[in-house]
Asker: 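What follows is a single structure, and I will ask about it in a moment.
Throughout, protein chains are lettered first and strands after them, A, B, ... in sequence-line order, and every chain is numbered starting at 1. Side chains are part of it too, since the values below use all heavy atoms of this structure and drop only hydrogens, waters and symmetry mates.
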Protein chains: 2
Amino acid sequence: MAMDVHLRDLRYFTVLAEHLHFTVAAQKLYISQPALSKQIRALERQLGFPLLDRRPREVVLTPQGQALLPRARELVAAWQETWQAARSAGPTFTLTVGMQTAVGRNLQREALTRFRDEGWRISLRLVSWEDPTAGLGDGGSDVAFLWLPLPAPGLVSRTLIREPRWVSLPVGHPLAAKPEVDFADLADEAFVALPRAAGPVREFWLAADARDGREPRIGIEVTSPADTFEAIASGLGVALIAEKNAQLYQRPDVVHRPVRDLAPAELALVWRANDTRPEVAAFVAAFPAAPSGAAGSQ
Amino acid sequence: MAMDVHLRDLRYFTVLAEHLHFTVAAQKLYISQPALSKQIRALERQLGFPLLDRRPREVVLTPQGQALLPRARELVAAWQETWQAARSAGPTFTLTVGMQTAVGRNLQREALTRFRDEGWRISLRLVSWEDPTAGLGDGGSDVAFLWLPLPAPGLVSRTLIREPRWVSLPVGHPLAAKPEVDFADLADEAFVALPRAAGPVREFWLAADARDGREPRIGIEVTSPADTFEAIASGLGVALIAEKNAQLYQRPDVVHRPVRDLAPAELALVWRANDTRPEVAAFVAAFPAAPSGAAGSQ
DNA sequence: ATTTGGCTATAACCGATGGCTATGGACGTT
DNA sequence: AACGTCCATAGCCATCGGTTATAGCCAAAT
């Protein structure tokens, strides 16, 4: 018997019933209008009776739809409650999230608010750039936000954000005159680098992937964003930086420019491959993965 | 937020919690053990906490599992009730099912019991072999059980059963001596045929598909199973017949033998392609489709 | 101590589902 | 008549939910 519903579909229905307008309801639900249309049709097909009467000018509930609506709301709400109740029946679980400074993108806030509300304990752990695993290596963290590539084997990642690499230059720098920079013009500059201990990520931000094996010239090594921009402003070198971070760290003595011909940087949620605890999986699942290739934006 | 559950998963959980044994619970649920294992793990992952403690000797509920169990039962039951209530809020829908005699296989019973219980009105309409669409053509039926091929354009089918074609012979017939018959030995026999009005299905049961275009020899045309076997017993011809029907229509003066080298016959549920009423779709969906090719049995 | 048997997990595969973008088609409005 | 609004359809792709086959674990039995 095909009697079980996905509560998601009931939720879709309740929202649609509230607005009686597919396009609007789809927006509220953060899905496309055709997706909603299709799901509702599928729901009607599964139930065996129509829920809505699609008229030329308006959409109205059928008698069955009217009967279903309040009960559907109850079910969705009841489930929410049930979930919370069940969760709190177990021992309180504390998830430690490792983050390096300069990750930004209010991911911290996301992590904290979203899960604190739902009865979890989230503990943020700020780690220095010297620990490329952000605490995953020594067990100090359960998950971490990191720039790829992965610093060590045995870790798995879900890419959350993919964005172009820009370059930070001192205001006086000749290349600062152009609105966009070729990496070729940049390759022989002195670079502000992450510490050696940072591992593969250091190489990535030195654009080792675009140098054909030639060694970059290192101006200075730094361990914090403040250091970095101080060094750049002082003319000790230039540095690659993610696009959004460029917008975030504005200083009068430093300018940011997009760099052509560089693969985008990927910010990922990382955890240990052998860590199968459902709490970790649930945390990870709560963050939507970035689309794989070049996304269709529109 | 990934908060919505599929009620099916809750149902799986309740059954598993009842037996505390994956293999047994999977059997009760009519799914394979790995499927259950995977679904439960996925559920735990989605919820963010473990439901069961899989120990070497036994499976036990975690505190969260214990907390979830009774409420999960309630939710599943509540949905059932909700569904019924919503259905009966609409005008009673009567679905007319066209059937030819000799379809058999307790499909009628299936159709009637299954849906009468759930508050539908099912009206069976027995049609003669003269109407190959079993009432779909003139709107007298909403759905019909028919042997393929489809008698007319504009109809869609879901194959329910696929079974070998046998041949019915009078007891004295020389071919009746062998346990199995080659169609080549049968091709030049006189055949008991469906009426011309039956269309493509007539050709199918004359095995036009195995004759390379040569015309069959028609002994007599009949319009009911009784006619058919009377004719065969009287030596007016032989007839092809589906395997299960062969077992069903046993008479002392007629024998049934499997025929080699014939494609199987397909019994299908048929409805109008442009009929998108959810009631029809739900009825259709309630009958599992036959696997496409040679099925993996075991 | 090794084998056997019972039970759950994993792997590889496959069709159906659920999302997307782009486009069509019905209908009211201008 | 042309346009705008809104739902449906088409075509595409990743994920899901099922399958069979097989591995791995542990206790009982040889």
Asker: Compare side-chain N and O positions of A:Ser37 against OP1 and OP2 of D:dC7 and report whether any pair is under 4.0 Å apart.
Answerer: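 Checking D:dC7 against A:Ser37, no side-chain N or O comes under 4.0 Å of OP1 or OP2.
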Asker: How many whole angstroms separate atom CD of A:Glu58 from atom P of D:dC7?
Answerer: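 From A:Glu58 CD to D:dC7 P: 11 Å.
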Asker: State, with a plain yes or no, whether a side-chain heavy atom of B:Tyr12 is found less than 4.5 Å away from one of B:Leu43.
Answerer: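 No - every pair of side-chain heavy atoms lies 4.5 Å or more apart.
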Asker: Does B:Arg55 or A:Asp9 map to a spot on DNA chain C nearer the 5' end, using the closest nucleotide for each?
Answerer: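 Final value for this comparison: B:Arg55.
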Asker: Can you tell me how far the CD atom of B:Gln66 sits from the OG1 atom of B:Thr62, to the nearest 0.5 Å?
Answerer: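 Between atom CD of B:Gln66 and atom OG1 of B:Thr62 there are 7.0 Å.
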Asker: Just how far, in rounded Å, is P of D:dT15 from CD of B:Gln46?
Answerer: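 From B:Gln46 CD to D:dT15 P: 16 Å.
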Asker: State, to 0.1 Å, how close A:Ala282 and B:Gly48 come at their nearest heavy-atom pair, and which atoms those are.
Answerer: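 Here A:Ala282 and B:Gly48 meet closest at CB-CA, 3.4 Å.
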Asker: Between the protein and nucleotides 24-29 of chain D, list every N/O to N/O distance that falls short of 3.5 Å.
Answerer:
none

Asker: Taking NZ, NE, NH1 and NH2 as the nitrogens, is one of them in B:Asp209 or B:Arg165 under 4.0 Å from a carboxylate oxygen of the other?
Answerer: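 Judged by the 4.0 Å cut-off on N to carboxylate O distance, B:Asp209 and B:Arg165 do form a salt bridge.
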Asker: In whole Å, I'd like the distance from the NZ atom of B:Lys38 to the P atom of D:dG18.
Answerer: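 Rounded to the whole Å, the gap is 9 Å.
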Asker: So B:Gln33 and B:Thr23, side-chain hydrogen bond (donor to acceptor under 3.5 Å, both in side chains) or not? Walk me through it.
Answerer: CA-CA 5 Å; B:Gln33 170 267 318; B:Thr23 309; 5.3 Å; no
Asker: If you check the B:Arg54 side chain, which of C:dG19, C:dT8, D:dT9 turns out closest?
Answerer: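 Per side-chain heavy atoms of B:Arg54, the pick is C:dT8.
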Asker: Starting from the first five and the last five pairs of the helix from C:dA1-D:dT30 to C:dT30-D:dA1, work out the angle between the resulting helix axes, to 10 degrees.
Answerer: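 Helix axis angle between the two ends: 0°.
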Asker: Under 4.0 Å between a side-chain nitrogen and a carboxylate oxygen: does that hold for A:Glu180 and A:Arg260?
Answerer: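 Salt bridge: yes.
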Asker: Going through the distances and angles, do B:Ile40 and B:Arg54 end up as a side-chain contact (heavy atoms from CB on, under 4.5 Å)?
Answerer: CA-CA 12 Å; B:Ile40 296 295; B:Arg54 293 115 168 123; 3.8 Å; yes
Asker: Out of D:dC7, C:dG18, C:dT21, which has the shortest distance to the side chain of A:Arg8?
Answerer: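 The nucleotide sitting nearest to the side chain is C:dG18.
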Asker: List in numerical order all residues of residues 12-23 of chain A for which some heavy atom is under 4.0 Å away from an atom belonging to DNA chain C.
Answerer: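 Heavy-atom contacts with DNA chain C come from A:Tyr12.
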Asker: How many angstroms lie between atom CZ of A:Arg162 and atom CG of A:Leu267, to the nearest 0.5 angstrom?
Answerer: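 One finds 11.0 Å between CZ of A:Arg162 and CG of A:Leu267.
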Asker: Between B:Asp4 (CG) and D:dC16 (C1'), how many Å, whole number?
Answerer: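 Taking atom C1' of D:dC16 as the reference, CG of B:Asp4 is at 16 Å.
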Asker: With a 4.0 Å cut-off, would you call A:Glu81 and B:Arg71 a salt bridge?
Answerer: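 Yes.
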Asker: Report the distance from atom OG of B:Ser88 to atom CZ of A:Phe49, rounding to the nearest 0.5 Å.
Answerer: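 Reported to 0.5 Å precision, the distance equals 8.5 Å.
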Asker: In whole angstrom, what separates B:Ile40's CD1 from C:dT10's P?
Answerer: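 So the two atoms are 14 Å apart, to the nearest Å.
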Asker: Nearest whole Å is fine: how far is D:dC6 P from A:Leu52 CG?
Answerer: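 The answer, rounded to whole Å, is 16 Å.
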Asker: Mind calculating the distance between CG (A:Leu43) and P (C:dT17) to the nearest angstrom?
Answerer: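 Taking atom P of C:dT17 as the reference, CG of A:Leu43 is at 14 Å.
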Asker: Can you confirm whether A:Asp9 sits close enough to A:His6 that some side-chain heavy atom of one is under 4.5 Å from a side-chain heavy atom of the other?
Answerer: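 The answer is yes, as the side chains (C-beta and beyond) meet within the 4.5 Å cut-off.
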Asker: Atom CD of A:Gln39 and atom P of C:dA16: how far apart are they, to the nearest Å?
Answerer: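 Rounded to whole Å, this separation is 16 Å.
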Asker: Are any of the side-chain heavy atoms of B:Glu163 and B:Pro264 separated by less than 4.5 Å?
Answerer: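 Not in contact.
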